[in-house]
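Below: one structure, written as structure tokens.
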Amino acid sequence: MTAVDDLPTPSILVREDRLEANLHTMQTACDQAGIDLRPHIKTHKLVPIARRQLELGAKGLTCAKLGEAEAMLASGVREIFLAHSLVDHRQANRIAALAEHLEELRLAVTSEAHLEVFQPLIRKVNRRFKVMLALDTGLDREGIRRDESAQRVASTIDADPLLELTGLYSHEGQFYGANHSQRVEDVERLLDRICGLRDAIDPTLEVWPGCSVSARAVVDVAAGRVQAVRPGAYVFGDLSLTQNANVMPWENVALQVLATVVDKPTPDLALIDAGSKTFSSDRTAQGISAIPADGRKLEVFKVNEEHGYVRGEDLGQVNVGDRILLVPAHVCTVVNLTDEVQLVGPENKIRSTWPVDARGKSQ
Ligand SMILES: Cc1ncc(COP(=O)(O)O)c(C=O)c1O
């Protein structure tokens, strides 16, 4: 059996025991609170992980793009929520075919402007869909900004025989950069906002917030107010969830990048063979692309396409030819850049090589 030591670099490793623990922990928390887990697959893009999430009790999957959802059908999923603003009439046949393969395909309505284009698209698809209305809760991306607008959208949907409004959803991406000591207060404000609007439109609507930073706090305090959460990054973790948001212990991070030190042009700079084509250009607020998993004081502070620039107090211990395990700043983009990930079991043995099924499925 291949071992981590035999792998070429850069390689993307997934620690099976940590992955399994992360999946269990989130599912158990949701089960105990009576809240459905509808994990976003944008992070892992892997059928075997989707299958495991469903086996453990996930009610359905969340995807951004049609291509991701099509790739996830192989997991046996029965319910998918496409949390994205669909507008393209060229996709009508694909939407119909996807719906045909599922018990439920829920779609998103993200603003009045979106609804104007979405309605003709759905007429072209010519099926009835449950829809969730996006509410902006501070990320300033998609989602209804004003309550009057939500009321108008709800009435328009109500009058459309092909659409059924079933709930409100939000994505609290702004929580990644928020003051974490106030998370419970922030989550309470978030729930007050969504539930207040829900009550004004129709108290029977479902409420689905979603983000790995807020998911556990939502689950802990929501008590009857929330029907589902849609975290994605919790399966692997990264610097955003551990160091920045402080919602995941370091030892739970399940995805690591294995890289090799290929040069040390000066005593205070090492170069590794993983750059922006491995880590993407996403960085932490401090400008860091990755740090070593073993706690050494080193950081990848700059990336070119095929090089990562490493500096830090412990650079004296680093030699050309060394292999380093790194935790990336943002895990979702790392997975989308690799053809396959290595599932690592006990004693650093490779248990499986998983092709990344929805890699690059952005259409
Ligand atoms: C609409 C939506 N839902 C859920 C998620 C999952 O959030 P996270 O990656 O923080 O777990 C995302 C992430 O971008 C998203 O855009």
Side-chain angles (χ1 to χ4, degrees), residues 19 22-23 25-27 29-30 35-46 49-50 53 58-69 72 79-86 106-111 114 131-144 167-178 180 183 186-187 190 194 206-219 226-248 252-255 280 282 284-285 328-336 358 361-362:
L19 168 69
N22 295 340
L23 298 181
T25 307
M26 187 61 81
Q27 186 64 56
C30 288
I35 291 175
D36 289 338
L37 180 59
R38 292 177 177 266
H40 205 308
I41 64 85
K42 65 186 277 286
T43 303
H44 60 71
K45 288 178 171 271
L46 285 155
I49 296 187
Q53 288 172 315
K59 171 89 172 132
L61 301 176
T62 303
C63 303
K65 298 296 181 65
L66 263 177
E68 286 180 337
M72 288 303 127
E79 293 188 18
I80 289 183
F81 172 43
L82 263 189
H84 199 74
S85 323
L86 290 176
R106 261 192 229 212
L107 302 179
V109 171
T110 55
S111 74
H114 172 242
V131 292
M132 301 291 292
L133 178 56
L135 178 63
D136 175 55
T137 53
L139 183 60
D140 297 335
R141 202 178 65 181
E142 81 277 32
I144 301 282
L168 302 177
Y169 80 100
S170 67
H171 170 58
E172 309 79 55
Q174 73 278 10
F175 275 42
Y176 278 91
H180 305 303
R183 184 158 308 122
D186 286 348
V187 165
L190 169 84
I194 313 184
E206 296 184 17
V207 169
W208 293 8
C211 160
S212 290
V213 177
S214 52
R216 284 301 302 275
V218 166
V219 164
V226 163
Q227 284 65 47
V229 288
R230 317 178 317 277
Y234 77 98
V235 294
F236 294 143
D238 54 17
L239 295 186
S240 298
L241 285 184
T242 51
Q243 305 221 315
N244 280 27
N246 203 18
V247 286
M248 181 182 239
N252 287 21
V253 175
L255 184 140
S280 84
D282 286 3
T284 63
H330 183 198
V331 70
C332 308
T333 49
V334 172
V335 175
N336 193 47
K361 302 282 188 213
S362 300

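Index from 1, following the sequence. All ligand and atom numbering here is 1-based and tracks the order in the structure.
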**Working for side chain to side chain contact (heavy atoms under 4.5 Å, CB included), residues Lys59 and Gln227** = CA-CA 11 Å; Lys59 171 89 172 132; Gln227 284 65 47; over 6 Å; no

**Asked** Would Ser85 and Glu142 count as a side-chain hydrogen bond (donor to acceptor under 3.5 Å, both in side chains) if you check the C-alpha gap in whole Å, the side-chain angles of each, and the deciding distance to 0.1 Å?
**Response** CA-CA 8 Å; Ser85 323; Glu142 81 277 32; 5.8 Å; no

**Asked** Where do Leu241 and Asp238 land on the side chain to side chain contact (heavy atoms under 4.5 Å, CB included) test, with the steps shown first?
**Response** CA-CA 5 Å; Leu241 285 184; Asp238 54 17; 3.8 Å; yes

Any protein N/O atoms within less than 3.5 Å of an N/O atom in ligand 1? List the atom names and distances, or say none.
from: ligand 1; atom 1: 3 (N); to: Arg230; atom 2: NH2; distance (Å): 2.9
from: ligand 1; atom 1: 10 (O); to: Tyr176; atom 2: OH; distance (Å): 2.6
from: ligand 1; atom 1: 10 (O); to: Ser212; atom 2: N; distance (Å): 2.9
from: ligand 1; atom 1: 11 (O); to: Ser212; atom 2: N; distance (Å): 3.0
from: ligand 1; atom 1: 11 (O); to: Ser212; atom 2: OG; distance (Å): 2.5
from: ligand 1; atom 1: 11 (O); to: Gly232; atom 2: N; distance (Å): 2.6
from: ligand 1; atom 1: 11 (O); to: Ala233; atom 2: N; distance (Å): 3.0
from: ligand 1; atom 1: 14 (O); to: Lys42; atom 2: NZ; distance (Å): 3.4
from: ligand 1; atom 1: 14 (O); to: His171; atom 2: NE2; distance (Å): 3.4
from: ligand 1; atom 1: 16 (O); to: Arg141; atom 2: NH2; distance (Å): 3.0

**Message:** I'd like to know whether Arg183 forms a side chain to side chain contact (heavy atoms under 4.5 Å, CB included) with Val247, so could you lay out the CA-CA distance, the side-chain angles of the two residues, the decisive distance to 0.1 Å, and finally the verdict.
**Reply:** CA-CA 10 Å; Arg183 184 158 308 122; Val247 286; 3.1 Å; yes

**Message:** What verdict does the side chain to side chain contact (heavy atoms under 4.5 Å, CB included) test give for Val229 and Arg216, after you've listed the backbone C-alpha separation in whole Å, the side-chain angles of each residue and the deciding distance to 0.1 Å?
**Reply:** CA-CA 9 Å; Val229 288; Arg216 284 301 302 275; over 6 Å; no

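- Salt bridge absent: Glu68 and Lys42 never bring a charged side-chain N and a carboxylate O closer than 4.0 Å.
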